[in-house]
Amino acid sequence: NAGVTQTPKFRILKIGQSMTLQCTQDMNHNYMYWYRQDPGMGLKLIYYSVGAGITDKGEVPNGYNVSRSTTEDFPLRLELAAPSQTSVYFCASSYQGGYGISNQPQHFGDGTRLSIL
Amino acid sequence: DQQVKQNSPSLSVQEGRISILNCDYTNSMFDYFLWYKKYPAEGPTFLISISSIKDKNEDGRFTVFLNKSAKHLSLHIVPSQPGDSAVYFCAAIAGNKLVFGAGTILRVKS
């Protein structure tokens, strides 16, 4: 079972460069999420999607863009990388449940460690 | 504005004893709470959850208690095992808001 797969695992970017963090899931989950985790902090929600073609902002969306063209894939785009975006990024997925953000358990990928220098 | 706080950065427990991890929240609109465990270099994994209409939920060695009046929840692990050593996050949901605590590092000594 692949679950949630994130690529790449590590990346170093220069300030101003752009990149796309890839996330794919094979559990046919409606909901997908992107988080960032800074050292000593909890996960902060960047964007989430409740289904193909539908995305919404989380707590810290500035500097990021997302799209959801298929159920399986939910890429996260950084257009102009800044040092403040150095973090570990986690993608997750879940079944639908509750109102708004799903209350169903989320399945996480192993993260992408991104450094911007 | 930390709406979900885990005030103990770390906790050390002897194998076989009880581990109690605490979480406080400030937003009374939170209606669902979850606990996740995280090992180094891996993503978090779901442990247990509780709805605000309940005060206790149990799953094997893991029990979550919710005290709504105190805006406090706790995770009890009995008995603790060395494999439980990890970072534990509590998370709270209210509509389209989802907030994680900063985590507590649990070390179970054998």
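Throughout, protein chains are lettered first and strands after them, A, B, ... in sequence-line order, and every chain is numbered starting at 1.
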Under a 4.5 Å cutoff for heavy-atom pairs, which residue among P44(B), G103(B), P9(B) has the most contacts with chain A?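 Highest number of pairs under 4.5 Å: P44(B).
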Max heavy-atom pair count under 4.5 Å with chain A, selected residue of F100(B), F33(B), F89(B):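 Ranked by contacts with chain A, first place is F100(B).
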Is atom CZ of R107(B) surrounded by more than 12 heavy atoms (other residues, nucleotides or ligands) closer than 6.0 Å?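 No, the 6.0 Å shell around CZ holds no more than 12 heavy atoms from other groups.
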I'd like to know whether CE of M29(B) has more than 12 heavy-atom contacts from other residues, nucleotides or ligands below 6.0 angstrom.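 Open: at most 12 neighbouring heavy atoms sit under 6.0 Å from CE of M29(B).
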Flag side-chain contact, heavy atom, 4.5 Å: T104(B) against N22(B):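 They are not in side-chain contact.
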Have a look at S19(B) and tell me which of S12(B), S85(B), S80(B) forms a side-chain hydrogen bond (donor to acceptor under 3.5 Å, both in side chains) with it.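 Single side-chain hydrogen bond (donor to acceptor under 3.5 Å, both in side chains) partner of S19(B) among S12(B), S85(B), S80(B): S80(B).
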Should the ring pair Y33(A) and Y48(A) be called parallel, tilted or perpendicular, given that the plane angle runs from 0 to 90° and is split at 30 and 60?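 Rings of Y33(A) and Y48(A): parallel, as their planes differ by under 30°.
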Heavy-atom pairs under 4.5 Å with chain B: which of K44(A), M41(A), Q6(A) has the most?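 Highest number of pairs under 4.5 Å: M41(A).
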With a 4.5 angstrom heavy-atom cut-off, is it the side chain or the backbone of K38(B) that approaches chain A, or both, or neither?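 Only the side chain of K38(B) comes within 4.5 Å of chain A.
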Per-residue contact mode, L98(B) against chain A (heavy atom under 4.5 angstrom):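 When you check distances to chain A, atoms from both the backbone and side chain of L98(B) fall under 4.5 Å.
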